[in-house]
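Along the sequence shown, the residues carry numbers beginning at 1. Owing to the predicted nature of the structure, the values given are computational and were not obtained by experimental measurement.
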Amino acid sequence: MTINSGQNRTLRVVILGAPRSGKSAVIVRYLTKRYIGEYSSSKDFLYQHSIDFDDIKTDIEIMDTSNRNDTESLYEHITWADAFVIVYSICEKQSFLQARYLLETIAMLRAQKRSPIILLGNKRDLEHIREVAVDDGQEMSLLWQCQFYEVSAAESYIGVSLAFQSLIREARSAQLPSKILAPMRRKTSPAVIGKMFGMVFGKNGSKSNSNRANKKRPSLSI
């Protein structure tokens, strides 16, 4: 049986990141399972999509932001969105620094409202020219209390899909009646997700780091 979100308004997700980080490629991979090379645009593009998982139907709007860097546009994007995907390229340190700036800006503008955010390291297929370590992404996600994923939009749909589904679960939780949400929380809590990823991808930390690792949000490198 599928539960329709019904009276809940459309969930708004904005994709932010430096030019050439792969924002558009990530979105198209998620929505169509196909890969496109990154392209530059001076205009924002809005995708409308309906998804159905966890027996819940959700209408979402995903905004692919342009490569304009003006403060006014960034302010509009942040105030418009319910949830955020911050994309950086593991091959470009500067894009990682831009991701940190975006996290800082979101925190400043939405200080009174906690926002679901995923920090997404893209281009994992280019490991041979990596400039940003996996640990760097994990540390920044811990600092800003957001989820962290490393993916390759060029090579795989699975990692991108898992990241978006996790974000949407978190973002729509506030819109769902508590009677509906309660069973889902037991199944998909951060602790459970973290244990699952650890078992599958071998992300268990050393004993000396165990207390620190327990504080991390779910992360995945695929």
I'd like to know if the side chain of [X] reaches the main chain of [Y], judged simply by a donor and an acceptor atom lying under 3.5 Å from each other, with no hydrogens or angles considered.
X: R110; Y: I78; value: yes
X: S141; Y: Q138; value: yes
X: S21; Y: A18; value: yes
X: D125; Y: S152; value: no
X: R29; Y: A154; value: yes
X: T79; Y: Y75; value: yes
X: T65; Y: I15; value: yes

Open item on the list: Can you confirm whether E72 is buried at CD, in the sense that more than 12 heavy atoms of other residues, nucleotides or ligands lie under 6.0 Å from that atom?
Closed with: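 Not more than 12 within 6.0 Å, no.
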
Open item on the list: Can you confirm whether more than 12 heavy atoms, excluding those of K93, are under 6.0 Å from its NZ atom?
Closed with: yes

Under 4.5 Å between any side-chain heavy atoms of [X] and [Y], yes or no?
X: L119; Y: Y149; result: no
X: L31; Y: Y47; result: yes
X: W144; Y: I106; result: no
X: L74; Y: Y101; result: yes
X: Y88; Y: R100; result: no
X: F96; Y: I90; result: no
X: F148; Y: V134; result: yes
X: V13; Y: M63; result: no

Are [X] and [Y] linked by a side-chain donor-acceptor pair shorter than 3.5 Å?
X: S50; Y: D59; value: yes
X: S24; Y: D64; value: yes
X: H77; Y: D44; value: yes
X: Q147; Y: E170; value: yes

How long is the straight-line distance from [atom2] of [Y] back to [atom1] of [X], given to the nearest 0.5 Å?
X: L102; Y: I86; atom1: CG; atom2: CD1; result: 5.0 Å
X: M140; Y: D135; atom1: CE; atom2: CG; result: 13.0 Å
X: E61; Y: Q48; atom1: CD; atom2: CD; result: 5.0 Å
X: Q145; Y: L103; atom1: CD; atom2: CG; result: 12.0 Å
X: L126; Y: E131; atom1: CG; atom2: CD; result: 11.0 Å
X: L120; Y: C146; atom1: CG; atom2: SG; result: 10.5 Å

Show the nearest heavy-atom pair for residues [X] and [Y], with the distance to one decimal.
X: Y30; Y: I51; result: OH-CG2, 3.6 Å
X: D70; Y: S73; result: OD2-OG, 2.7 Å
X: V14; Y: A81; result: CG1-CB, 3.5 Å
X: V132; Y: S89; result: CG2-O, 4.1 Å

Joint hydrophobic cluster, [X] plus [Y], side-chain heavy atoms closer than 4.5 Å:
X: L97; Y: I117; answer: no
X: I36; Y: Y157; answer: no
X: L143; Y: L109; answer: yes
X: L46; Y: F84; answer: yes

TODO: May I have the step-by-step check of side chain to side chain contact (heavy atoms under 4.5 Å, CB included) for E92 and Q98, ending in yes or no?
DONE: CA-CA 10 Å; E92 294 186 31; Q98 175 71 6; over 6 Å; no

Open item on the list: One thing to verify: whether E155 and K123 come together as a salt bridge, which I'm taking to mean a side-chain N less than 4.0 angstrom from a carboxylate O.
Closed with: no

Task: Residue pair V85, L16: steps toward the side chain to side chain contact (heavy atoms under 4.5 Å, CB included) verdict - done: CA-CA 6 Å; V85 179; L16 299 170; over 6 Å; no

